[in-house]
J.: 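Once you've had a glance at the structure underneath, I'll fire off some questions.
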Amino acid sequence: MADPIIISTWSFGKRSHDAVWPALIDGASSLDTVEKVCRIAEDDPAIDSVGYGGRPDREGRMTLDGCIMLQPRQCGAVACVRRHRHPVSIARQVMERTDHVMLVGPLADDFADACDMPAEPMLSPEAKAAFDARARGAAGPPPAPMDNPSGALFPDEEPWRNHDTIGTLCIDQRGTLAGACSTSGMAWKVPGRVGDSPIIGHGLYVRPGVGAATGTGTGELVMGECGAFLAVERMALGDTPTEACVAVVQRIVDAGPLEPHETVAMIALAADGTWGSASIRPGYRTSIKSLTQDDARTAHRVLLDS
Ligand code: GLY
């Protein structure tokens, strides 16, 4: 029997971990676990970059992206979902009920309808207020604290607000790896924009027997390097999870100058249960829950000072 472990991007993953842990140690599958981790974040109006709390595009319309993966022949993804709050669950239905990997736009919503998934309100009052304030040219209300109502736990996560993702990786008691990813994408994006998160090999990759990787940050940068696939390939070639994550973020940094708002963090979980992370900039944390760890910790390696 394997020791179960879950890692997720950002400290807000910790809330989801606490909720799914009892079932995971009671034998729940890694696939069910990663779906549930994302669903909890997708429902949380305090998380301003995923699901219901996410910020809309520049026209004020919410579009959501997500994917889920067990192995290269078992993965599903959706992008630009407009009426359903749980892209991760639609992605799972794509994986389990179709011969395809990815559905996009209104037809992905239609597929969710056909799977009896309810359409739900997509834009939280906070997100609507932020959009309205932006449209008026005002700074808008202060964003809800990302981590807890006091906002005091992890104030150094502040710089990345409005641009992140929940990516989650899990090994269950049977030793099965799974991963999932969910995002509302870049705040105020050009309508139709899709980032790395729902793209298999970019925002998420899982190779049984080797490991899994996912990331958060500026999707366009991750897509330029096939980030999650690259991290898993590096583990296949012998890198530790942290070395694999460093390889991805280092390539992004080496590829050219970054805008001040651009950044990426990667996390990786090897099939043996070891895990690692790397971030281009400070201010990022990974949530980790296992039999011996229950934490939200800063990246193992951070490449730049700010
Ligand atoms: N990493 C999420 C996005 O760029 O959409």
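Residues take their numbers from the sequence shown, with the count starting at 1. The basis for the numbers below is simple: all heavy atoms, side chains too, and nothing from hydrogens, waters or symmetry mates. When a ligand or atom number is given, it counts from 1 through the structure's own listing order.
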J.: So for ligand 1, is T183 a polar contact partner (N or O within less than 3.5 Å, distance only)?
T.: no
J.: Out of curiosity, L269 CG to W275 CH2, how far, rounded to the nearest 0.5 Å?
T.: 9.5 Å
J.: Relative to the heavy atoms of D196, which atoms of ligand 1 are at a distance of less than 4.0 Å?
T.: 1 (N), 2 (C), 3 (C), 4 (O)
J.: What do you reckon, does G185 have a nitrogen or oxygen under 3.5 Å from a nitrogen or oxygen of ligand 1?
T.: no
J.: Test of understanding: given a 4.0 Å heavy-atom threshold, classify the contact between R193 and ligand 1 as side chain, backbone, both, or neither.
T.: side chain
J.: In a check of side-chain hydrogen bond (donor to acceptor under 3.5 Å, both in side chains) between S8 and each of T216, T168, T214, which one passes?
T.: T168
J.: Between D43 and H86, does any side-chain donor sit less than 3.5 Å from a side-chain acceptor?
T.: yes
J.: Would you mind writing out the side-chain donor-acceptor pairs for residues 90-98 within the sub-3.5 Å range, not counting sequence neighbours?
T.:
| from | atom 1 | to | atom 2 | distance (Å) |
| --- | --- | --- | --- | --- |
| R92 | NE | E96 | OE2 | 2.9 |
| R92 | NH1 | D32 | OD1 | 2.6 |
| R92 | NH1 | E35 | OE1 | 2.8 |
| R92 | NH2 | D32 | OD1 | 3.1 |
| R92 | NH2 | E96 | OE2 | 3.3 |
| Q93 | OE1 | R97 | NE | 2.7 |
| T98 | OG1 | V94 | O | 2.7 |
| T98 | OG1 | H100 | N | 3.0 |
| T98 | OG1 | H100 | O | 3.4 |

J.: Any idea which atoms of ligand 1 are less than 4.0 Å away from a heavy-atom of G217?
T.: 1 (N), 2 (C), 3 (C), 4 (O)
J.: When only distance counts, is T216 in polar contact with ligand 1, meaning an N/O pair under 3.5 Å?
T.: no
J.: If the cut-off is 4.0 Å to any non-hydrogen atom of S197, which atoms of ligand 1 fall inside it?
T.: 1 (N), 2 (C)
J.: Side chains of E42 and S182: is there a donor and an acceptor less than 3.5 Å apart?
T.: yes
J.: Heavy-atom contacts with T165 under 4.0 Å: which atoms of ligand 1 show up? List them by number with element.
T.: 1 (N), 2 (C)
J.: Using 0.5 Å steps for rounding, measure from the OH atom of Y205 to the SG atom of C226.
T.: 10.5 Å
